[in-house]
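Data first, discussion second: the structure below is written as structure tokens.
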Amino acid sequence: MLHDNRVGGRDKGRYWNEFYAGRPGGKIDPPSQFAAFVLQEAPDLSLMIEVGSGGGRDSFFFARHGVTVAAIDGSISAVQACERSRADSGLANVTFHCASVGTSQFHEVISALRSATDGPVMVYARFFLHALTDDEEDDFFSGLAEALEIGDLVAFEYRTVRDASGAKVTPDHYRRFVDPAQVFVKAGSHGFVVDYAVEGYGLAKFKQDDAYVARCILRKI
Ligand SMILES: C[S@@+](CC[C@H](N)C(=O)[O-])C[C@H]1O[C@@H](n2cnc3c(N)ncnc32)[C@H](O)[C@@H]1O
């Protein structure tokens, strides 16, 4: 059975708001495997910008390890849950911002965050590219190209076209399985080179969902 569910694109905002409503946020969750990998690959960052931060588990993980983090998500309930956890945690080096890729607000937020920061910045987006529509993905790359500076890094992990038939744990919702070759082409056309790329099983296993994912680290040139 294929799980590519692009018809749900118009309802995905409501899906994610209901998904995160009432959740305590990510303070106590373990991080993703990808977050642990990225942390050791990008020391000495001035700012980590997580886009599509969801329940915030990776943002809190980076912040607990001393990284200054600005997290952006389009779901207000996700952002509110993370704010509650941030207040409980007392962490002062992580902020949460509600803005949707595909709107001018996203461009304003990411540009303001970048221009207020001296030194190296990384944009981190896990399980986010496949949550975007095609148009949103184009807008995301445009926003990154506009806001980021030479030498800045971008880290992605996403479900690929080879994951379409695998078992899924979360309820049926909008997903768009992504071709890594197209990501590389789009990255190149927006002024990024690929510093590192890998794909396979075993990188993002969650219960019976062992997604076939791709990871990459891009650098703005
Ligand atoms: C699959 S979740 C990933 C959450 C987290 N990164 C993780 O790995 O657990 C996708 C997230 O993207 C957010 N999202 C989807 N479309 C978005 C958009 N156009 N702009 C901003 N956030 C969006 C959803 O609200 C949700 O939190």
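Note that the structure is predicted; figures quoted are calculated from it, not measured. One-based numbering, in listed order, for ligands and for the atoms of each.
When the options K12, R175, E137 are ranked by their closest heavy atom to atom 17 (C) of ligand 1, first place goes to K12. Between the choices W16, Y15, F140, the shortest heavy-atom distance to atom 2 (S) of ligand 1 belongs to W16.
Among all heavy-atom pairs drawn from A155 and V38, the shortest one is CB-CG2, 4.0 Å. For the residue pair F184 and C216, the shortest heavy atom distance occurs at CE2-CB, 4.2 Å.
By the criterion of a heavy-atom distance under 4.0 Å, the side chain of E136, and not its backbone, is placed next to ligand 1. With a 4.0 Å heavy-atom cut-off, ligand 1 is reached by the side chain of F128 but not by its N, CA, C or O. Contacts with ligand 1 closer than 4.0 Å are made by side-chain heavy atoms of L132 only, the backbone lying farther away. Of all the heavy atoms of Y20, the ones lying under 4.0 Å from any atom of ligand 1 belong exclusively to the side chain. Only the backbone of A99 comes within contact range of ligand 1, with a heavy atom under 4.0 Å; no side-chain atom does.
In summary, the atoms of ligand 1 found under 4.0 Å from a heavy atom of S100, numbered by their order in the structure, are 20 (N), 21 (C). For ligand 1, the atoms closer than 4.0 angstrom to any heavy atom of G54 are 4 (C), 27 (O). Taking a cut-off of under 4.0 Å to the non-hydrogen atoms of G74, the atoms of ligand 1 that pass are 21 (C), 22 (N). Atom numbering of ligand 1 starts at 1 in the shown order; those under 4.0 Å from a heavy atom of E50 are 6 (N).
With hydrogens and angles left out, the side-chain atoms of H97 and D73 include no donor and acceptor closer than 3.5 Å.
With sequence neighbours excluded, the residues satisfying side-chain hydrogen bond (donor to acceptor under 3.5 Å, both in side chains) with E149 are R114.
For atom 3 (C) of ligand 1, the nearest protein heavy atom (residue, atom name, distance) is F127 O, 3.5 Å. The nearest protein atom to atom 5 (C) of ligand 1, hydrogens excluded, is given as G52 O, 3.4 Å; this is a heavy-atom distance. With respect to atom 11 (C) of ligand 1, the closest heavy atom belonging to the protein is D73 OD2, 3.8 Å. Shortest contact from atom 20 (N) of ligand 1 to any protein heavy atom: V101 N, 2.8 Å. Nearest protein heavy-atom neighbour of atom 8 (O) of ligand 1: R126 NH1, 2.6 Å.
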Practice task
Give the intermediate values and the outcome of side-chain hydrogen bond (donor to acceptor under 3.5 Å, both in side chains) for residues Y124 and D58.
Solution key: CA-CA 9 Å; Y124 172 91; D58 288 348; 2.7 Å; yes

Practice task
Dump the intermediate steps for side-chain hydrogen bond (donor to acceptor under 3.5 Å, both in side chains) on N93 and T68, then the final yes or no.
Solution key: CA-CA 5 Å; N93 60 337; T68 300; 5.2 Å; no

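Not a single heavy atom of E157 sits less than 4.0 Å from an atom of ligand 1.
Put simply, the side chain of Y174 gets close to the backbone of L132: a donor and an acceptor are under 3.5 Å apart. A side-chain donor-acceptor contact under 3.5 Å links S46 to the backbone of D118.
Note on ring orientation: taking the six-membered ring where Trp is involved, the planes of H65 and F61 are tilted (angle from 30° to 60°). Relative ring orientation between F96 and F60 is described as tilted, the plane-to-plane angle lying within the 30° to 60° band. Ring orientation note: the planes of H130 and F127 are nearly perpendicular, at an angle over 60° on the 30°/60° scale.
Ligand 1 has no N or O atom lying under 3.5 Å from any N or O atom of H130, backbone or side chain.
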